[in-house]
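These notes are about the structure you will find just below.
FYI, the numbering just counts along the sequence from 1.
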Amino acid sequence: MTEPPTGSPWDPEHDDRRVHGRHATPAQAAPPRAVPPHRGEAEPPLEGPLHALSRAAWQVVLLTGAASLILGILVLVWPGASLFAAGVLFGVYLVVSGVLQLVAAFGTHRTTSLRVLAFLSGALSLLLGLFCFRGPMQSILLLALWIGIGWLIRGITQTLAAVSDRGMPARGWQIFLGIVTFAAGVVLIDSPFESVAVLTLVGGIWLVVVGVVEIVTGLRIRGRAERIPRAL
């Protein structure tokens with residue numbers, strides 16, 4: 001048998017794989033190995049959305065409860081000042097809504113009837129708002145009459161709707177609530193100052209109760225939120 005001549009393509013020295021491997025760049029010859037991070041430099045886990053949401057939930061509930069509690073205490077301690085502030089805010093509301101309705105009467109409505117209706121409503125609201133700034137008693141009186149008329153209309157419509165619709169859920173309770181609302185509106189219109197004073201007292205007590213309940217709820221939510229892992 002004859003030996004293969006030197007320079008044969010089967011010669012290991014002329015093997016293309018060895019040649020390419022010999023002339024390959026270091027990056028092509030062997031892929032770089034990842035350097036493991038140091039044990040002491042471990043990154044802290046990111047805060048998960050569930051953990052952030054639970055933390056924000058108890059903070060919002062706690063702040064809302066504290067605000068309701070403080071407002072309720074202020075209303076109970078200074079009922080006269082609370083009524084005066086409510087009357088002033090009501091006057092500001094009437095003035096702002098009246099100006100907006102007057103602007104809408106000249107800018108947004110296309111038909112003449114809507115323009116006239118918006119103008120009359122805006123002018124009446126503006127006049128009532130200016131009437132509130134004549135003194136605290138006028139604003140409180142107007143506020144009481146406004147609430148009383150609103151309750152009166154709501155009670156009538158709710159009672160008639162419940163009486164006419166036999167398929168309404170909790171029909172008896174709806175009728176009862178409509179009658180009570182109507183009676184409260186009549187009382188508020190008949191004796192506005194005494195009724196508003198009682199309404200202020202009830203509102204202050206309600207705010208205190210709501211504030212305490214929300215504070216307790218926020219603390220309970222906080223206790224449960226601490227059990228949620230940070231990464232979730």
Side-chain angles (χ1 to χ4, degrees), residues 47-97 100 125 128-129 131-155 158 170 173-174 176-230 232:
E47 185 178 11
L50 184 59
H51 184 273
L53 181 61
S54 62
R55 185 179 62 180
W58 75 261
Q59 291 177 354
V60 170
V61 174
L62 189 63
L63 290 176
T64 305
S68 300
L69 180 61
I70 294 173
L71 183 59
I73 293 174
L74 292 177
V75 170
L76 293 177
V77 173
W78 294 292
S82 303
L83 279 176
F84 176 72
V88 171
L89 292 177
F90 181 64
V92 173
Y93 162 74
L94 289 177
V95 170
V96 173
S97 63
L100 292 178
S125 180
L128 292 176
F131 177 76
C132 290
F133 292 107
R134 295 186 60 185
M137 303 305 294
Q138 286 83 355
S139 60
I140 295 173
L141 175 62
L142 189 58
L143 177 61
L145 293 177
W146 188 281
I147 297 175
I149 293 173
W151 285 359
L152 191 68
I153 297 175
R154 178 180 175 86
Q158 186 172 5
W173 286 106
Q174 295 291 337
F176 175 75
L177 184 59
I179 295 174
V180 170
T181 306
F182 173 80
V186 172
V187 172
L188 197 58
I189 294 174
D190 182 64
S191 56
F193 293 104
E194 294 82 1
S195 302
V196 169
V198 174
L199 188 61
T200 304
L201 180 62
V202 174
I205 297 174
W206 178 77
L207 286 172
V208 170
V209 173
V210 170
V212 172
V213 171
E214 288 185 346
I215 289 175
V216 174
T217 304
L219 294 177
R220 289 185 178 181
I221 295 175
R222 178 185 179 184
R224 295 185 179 182
E226 292 177 351
R227 304 175 187 175
I228 300 177
R230 184 180 178 84
L232 290 181

*Spatial distance of atom CD1 (I189) from atom CG (L152) [nearest 0.5 Å]*: 5.0 Å
*With rounding to the nearest 0.5 Å, note down the distance linking CG in L128 to CG in L94.*
6.0 Å
_Closest non-hydrogen atom pair, S82 against L74_ = OG-O, 3.7 Å
*R134 to Q138 - nearest heavy-atom pair and separation*: C-OE1, 4.1 Å
*Sequence neighbours excluded, which residues qualify as side chain to side chain donor-acceptor pair (under 3.5 Å) partners of Q174?*
Q158
*Looking at CD1 of I70 and CG of L207, how far apart are the two atoms once the value is rounded to the nearest 0.5 Å?*
11.5 Å
*asked:* Strictly by ring pair (Phe, Tyr, Trp, His ring centres under 6.0 Å), give each pair with a member in residues 77-96 just once, sequence neighbours left out.
replied: F90-W146
*Determine the minimum heavy-atom distance between I215 and A66, stating which atoms define it.*
CG1-N, 3.8 Å
_Filter on side chain to side chain donor-acceptor pair (under 3.5 Å), then keep only pairs touching residues 179-191, sequence neighbours left out; what's left?_
S191-S195
_Inter-residue atom distance L69.CG - T64.OG1, 0.5 Å rounding_ = 12.5 Å
_Close side-chain approach of W151 to I147, heavy-atom, < 4.5 Å_ = yes
*What ring pair (Phe, Tyr, Trp, His ring centres under 6.0 Å) pairs are there with at least one residue in residues 179-223, not counting sequence neighbours?*
none
*Check C132 against S139 and note the closest heavy-atom contact, atom names and distance.*
O-CB, 3.5 Å
*Got a sec, which residues hit side chain to side chain donor-acceptor pair (under 3.5 Å) with T217, two or more places apart in sequence or on another chain?*
none
*For S125, side chain to side chain donor-acceptor pair (under 3.5 Å) partners two or more places apart*: S97
*How far does CG of L145 sit from CD1 of I140, to the nearest 0.5 angstrom?*
12.0 Å
_Return the CZ to CG distance between R220 and L62, rounded to the nearest 0.5 Å._
13.5 Å
